[in-house]
Undergrad: 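There's a structure below that I have some questions on.
Each chain gets a letter, A, B and so on, in the order the sequences are listed, and its residues count up from 1.
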Protein chains: 2
Amino acid sequence: MPKPTFHNLSEAKRRRITDAAVAEFSSVPYAKANLDHVVKAAGISKGSLYQYFGGKADLYRWLLTSWLPERKMAAIGAQAPPPGASIWQILEQAFVAGVRFAVAEPELTRLGIRFLRDHELEPALAEVSRQHRAAADAWLMHLLQQGQARGELRADLDLSVAAGFLAHALGEGMLDQLARALGLDLHEMLDEPGVVGTLTEDQLVTLVRHVTSLFRDGAGVP
Amino acid sequence: MPKPTFHNLSEAKRRRITDAAVAEFSSVPYAKANLDHVVKAAGISKGSLYQYFGGKADLYRWLLTSWLPERKMAAIGAQAPPPGASIWQILEQAFVAGVRFAVAEPELTRLGIRFLRDHELEPALAEVSRQHRAAADAWLMHLLQQGQARGELRADLDLSVAAGFLAHALGEGMLDQLARALGLDLHEMLDEPGVVGTLTEDQLVTLVRHVTSLFRDGAGVP
DNA sequence: CAGTCATATGACCACATAGTCATACGACTC
DNA sequence: GAGTCGTATGACTATGTGGTCATATGACTG
């Protein structure tokens with residue numbers, strides 16, 4: 001976590017530093033991320049960085065556990081679902097919010113994806129990631145149980161299996177599908193700023209419905 | 001690719017080197033993998049390793065593009081599906097073969113998973129991975145089209161979306177589900193050699209059926 | 001203006017580790 | 001036994017980079 005000095009800096013300077021760090025950590029895996037790039041891009045000296053943060057791991061941890069979640073919250077907002085919403089509406093809302101964020105902030109998305117892939121490196125981060133997973137899991141299981149009780153789900157569904165797939169589908173999986181729809185690789189898509197913007201709201205919602213439809217009743221063709 | 005010298009070595013020595021390399025590359029990401037560990041574990045000198053391979057990247061590439069596929073083929077074998085098989089039988093067979101391999105060879109599985117996660121590092125490997133993906137994709141799409149033509153699929157299914165999910169489900173996703181069934185994290189599961197053996201053939205097949213059932217007709221509860 | 005404090009600096013150090021090379025070994029030939 | 005050829009060795013070099021520290025700047029105080 002940042003040292004007090006960091007909080008005393010001007011908003012603009014903090015921003016320069018954060019931007020530089022995000023750019024670096026989102027473009028290469030943690031082990032390859034280079035603090036010299038960060039300080040150069042931020043226009044500060046190496047010594048200063050160590051006046052603000054405890055080190056590389058500290059900076060990375062702060063970005064992922066404090067800064068990124070804040071940005072995400074700010075961007076998505078905690079939209080309460082309408083009172084009588086079906087679990088499909090709730091899921092759809094979550095899916096769409098996630099994809100909209102990815103479209104609006106491809107760099108932050110890349111940062112998050114990188115984290116998913118090498119969180120095992122920093123034991124402290126592994127714990128963070130485990131908690132995230134557990135929270136998402138609990139939320140999904142609760143939702144699915146509710147759905148099953150209301151008869152909104154296919155009756156033959158194994159909830160645990162479904163929750164596992166939805167967890168993936170809500171995150172990376174959805175982005176993969178998007179990339180697929182554009183004929184690209186996930187990384188290619190996130191690296192090209194313009195391309196995601198070509199997706200229409202309509203395409204997006206259609207894609208989301210195709211995903212959720214897997215868990216709803218089929219049309220029942222024999 | 002290995003230099004000619006490597007092929008002249010005794011089977012046993014080649015084996016020691018390969019085992020050491022697999023152990024290293026499967027336990028840490030490529031950037032962190034240390035050739036000194038490899039030579040020590042293999043009981044050879046650093047110079048020798050460079051007599052056998054062009055360098056770190058060369059060794060890694062060979063493991064993933066030649067050695068691992070061979071081992072996989074040997075372990076799974078190219079079982080032709082029975083002539084009149086439904087796509088569900090074919091998929092089930094593929095799923096089960098994949099999981100059996102993971103159970104039998106957790107270290108090789110870890111190696112493969114690591115590769116999936118940092119293939120972007122080595123441009124040459126990115127190409128390899130792209131080809132794998134494309135091949136898997138083509139196979140799945142073909143299978144699904146066949147299934148749709150025969151009416152074995154839910155009629156409302158978007159084939160492209162389904163193929164995307166199946167691609168994940170056949171690989172990492174299936175392993176994730178397995179770990180979930182054991183109450184573990186994917187990496188925890190692969191790191192503990194004993195634990196996977198506790199799964200019965202029955203549990204395994206049941207899990208696989210739960211996954212494929214997502215794409216089949218639901219029981220149709222309103 | 002002297003003193004003090006927070007902040008800034010970048011040359012520098014410490015260390016890890018990919019890759020090299022001069023040298024040695026040993027089997028096989030003549 | 002001298003020559004030669006494929007192989008083995010590990011000390012060494014080159015490089016990249018996380019982290020440190022003596023020194024500086026400059027604002028504010030009395």
Undergrad: Between A:Phe6 (CZ) and C:dA6 (C1'), how many Å, whole number?
TA: 17 Å
Undergrad: Nearest whole Å is fine: how far is D:dG18 P from A:Tyr60 OH?
TA: 14 Å
Undergrad: With a 4.0 Å cutoff (strictly under), does any side-chain N or O of A:Ser45 reach OP1 or OP2 of C:dA8?
TA: no
Undergrad: If we check side chain to side chain contact (heavy atoms under 4.5 Å, CB included) with A:Phe115, which of these qualifies: A:Phe25, A:Tyr60, A:Tyr30?
TA: A:Tyr60
Undergrad: Can you tell me the distance, in whole Å, between the CG atom of A:Asn8 and the P atom of D:dA27?
TA: 16 Å
Undergrad: Looking at C:dA18, does its base get a donor-acceptor pair with the side chain of B:Lys46 below 3.5 Å?
TA: yes
Undergrad: Can you give the donor-acceptor pairs under 3.5 Å from side chains of residues 61-74 of chain A to other protein atoms, not counting sequence neighbours?
TA:
unit_1	atom_1	unit_2	atom_2	d
A:Thr65	OG1	A:Arg61	O	2.8
A:Arg71	NH2	A:Glu105	OE2	3.2

Undergrad: How close or far is atom P of C:dT7 from atom NE2 of A:His7, stated in whole angstroms?
TA: 12 Å
Undergrad: With the threshold set at under 4.0 Å for non-hydrogen atoms, list the residues of residues 11-43 of chain A touching DNA chain D in residue-number order.
TA: A:Ala33, A:Asn34, A:Leu35
Undergrad: Please determine whether a side-chain nitrogen or oxygen atom of A:Lys56 lies at a distance below 4.0 Å from atom OP1 or OP2 of D:dG18.
TA: yes
Undergrad: Are any of the side-chain heavy atoms of B:Glu92 and B:Arg209 separated by less than 4.5 Å?
TA: yes
Undergrad: I need the OH-C1' distance between A:Tyr50 and C:dA14, as an integer number of Å.
TA: 12 Å
Undergrad: Looking at every strand, decide which applies to B:Gly47 at a 4.0 Å heavy-atom threshold: base, sugar-phosphate, or nothing.
TA: base
Undergrad: Pick base, sugar-phosphate or nothing for B:Tyr52, based on heavy-atom distances below 4.0 Å to the nucleic acid.
TA: sugar-phosphate
Undergrad: Using side-chain heavy atoms (C-beta onward) and a distance below 4.5 Å, is B:Leu166 in contact with B:Trp139?
TA: no
Undergrad: Could you state the atom-to-atom distance from NZ of B:Lys3 to P of D:dA8 in whole Å?
TA: 13 Å
Undergrad: Heavy-atom distance under 4.5 Å between the side chains of B:Asp176 and A:His168, does that happen here?
TA: no
Undergrad: Rounded to whole angstroms, how far apart are CG on B:Leu49 and P on D:dT7?
TA: 15 Å
Undergrad: Mind checking whether B:Val208 and B:Met174 have side chains closer than 4.5 Å, heavy atoms only?
TA: yes
Undergrad: Whole angstrom is fine here: how far is it from CG in A:Asp58 over to P in D:dG18?
TA: 14 Å
Undergrad: Any heavy-atom pair between the side chains of A:Arg16 and A:Lys13 that's under 4.5 Å?
TA: yes
Undergrad: Reckon B:Ser48 touches a base, only the sugar-phosphate, or nothing at all at heavy-atom distances under 4.0 Å?
TA: base
